[in-house]
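What you are looking at is a predicted structure, and each value in this text was computed from that prediction instead of being measured. First listed ligand is number 1; within each ligand, the first listed atom is number 1.
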Amino acid sequence: MEKSLSLVFAEIHNSYPELVSSAPGRINIIGEHTDYNQGYVLPAAINLKNYLLLSKRTDKSVCIWTENFKEREMFSLQKISFSEQNKWINYVKGIFWALQEEELNLRGINGLIWSDIPLEAGLSSSAALEVSIIQGLNSLFKLGLVPQRMAELARKAENDFVGVQCGIMDQFASFFGEKNKAVFLDCETLENELVPVNLEKEDLRILVFESGVSRELASSDYNKRRNESSQALEIFKKNGVKSYKQLTLSLLEEKEDEMDEALYKRARHVVSENGRVKKAVEALRKEDFRLLAELIFRSHESLRDDYEVSCPELDLFYESAREFPGCFGARLTGAGFGGAGIALVKQKGIAAFRKKLHEEARKRKFPSPEFYEVKIGEGARAYFLDKEGKG
Ligand code: GLA
């Protein structure tokens, strides 16, 4: 595939690329809305990736072609400004901006982007784009940044340039994922551990459910939840609780009467979800997929009732999945408010599962859902090409 992309690159830029940088999207097994609350998450990189082919320029211009949208964008490193028209280029600009903030000396590049990650499907196509760019620039210009620092800078680009207040989960998973392993990450310390995911044992597949309800991550709802959960924690800081990881459900219950109901529920989600992530790690280690299923279903219930980020379409997905014998857990994933869900489903039951969900959606006059089957794949990689753009 790099070979044919190299040819497209050569047509667009009149020379062959020097380097390929690829970065995967991710699924999140469990641990939703816990990353920016300095809690635990359990994502995994997937086999769908964003590719960036690039070469150095002698000036300070960046010229990028997207093979998905068949569009070209150009900007100067001397003046990086937010684009109102073209959403995707802001992720590219944001990375250059973040690297320049670090006072790293960059030159311009010619680039080509291509991705097979479905957009707006809760698979973090934007983090994969950021990661492929920062990793590509790091290799091409020998910047000497380690993956953890690159993940932090990619997040900074998204927070402070693109304007989405996301946590570190997506960028981290894209860098640190490995085939058939999930990344158990403590978002406070960034300590992490790879946990084997042996889905073959139960012949399970990972199914992504796209509800068809569009969600705007940059919208105020996500940021509102961030504020609510940090406000709730403030109440406990007076009692010496420094982070959500130190807050227990019993401590929370003691304060219930003094707290605003919404803040109480937001905090309860974060505390209970942190607990579920730790239990899910144990369940995976013991290959106890029944327990894992229950934790995943409970995560949805908590996101629906306490964090209040679900919607009728995602609730219907969860309810239908709960009743389906071959389903080992289903829940909304990503920010919520529409968007996607994931389910672990027995291979033999997939066709029936999809049929059932289509029927239920039709009955309720909901948008017809789309499904993607994904596998747990390797993390980001970069390698140099020869003079003719071959790997
Ligand atoms: C989005 C963000 C992540 C995370 C999830 C919710 O996907 O990009 O950082 O906060 O929402 O878990």
Revision key, fill the gap. Counting from 1 in the order shown, the ligand 1 atoms closer than 4.0 Å to a non-hydrogen atom of Tyr36 are 10 (O)
Study note, to complete from the structure: Of Leu123, Asp170, Asn28, the residue with the heavy atom nearest atom 8 (O) of ligand 1 is Asp170
Check your understanding: Any side-chain donor-acceptor pair under 3.5 Å between Tyr222 and Arg226?
Key -> no
Result block: side-chain N/O donor-acceptor pairs under 3.5 angstrom for residues 68-75, not counting sequence neighbours:
from  : atom 1 : to     : atom 2 : distance (Å)
Asn68 : OD1    : Ser115 : N      : 2.9
Asn68 : ND2    : Ser115 : O      : 2.9
Lys70 : NZ     : Glu67  : O      : 3.4
Lys70 : NZ     : Glu67  : OE2    : 2.7
Glu71 : OE1    : Asn86  : ND2    : 3.4
Glu71 : OE1    : Trp88  : NE1    : 2.9
Glu73 : OE2    : Asn86  : ND2    : 2.6

**Study point:** Short N or O distance, Tyr222 and ligand 1, threshold 3.5 Å exclusive
**Key:** yes
Practice item. Could you label the plane-to-plane angle of the His358 and Phe371 rings as parallel, tilted or perpendicular, counting under 30° as parallel and over 60° as perpendicular? Key: perpendicular
Study note, to complete from the structure: In terms of its nearest heavy atom to atom 7 (O) of ligand 1, the top option of Glu32, Arg26, His33 is Arg26
Review point. According to the interplanar angle, ranging from 0 to 90°, do the rings of Phe176 and Phe172 count as parallel (below 30°), tilted (30 to 60°) or perpendicular (above 60°)?
Key: parallel
Review point. For ligand 1, is there an N or O atom under 3.5 Å from any N or O atom of Gly167?
Key: yes
**Study point:** Donor-acceptor pair between Tyr36 and Ser230 side chains, under 3.5 angstrom
**Key:** no
Exercise for review: Please determine if Asp35 has a nitrogen or oxygen closer than 3.5 Å to a nitrogen or oxygen of ligand 1.
Suggested key: yes
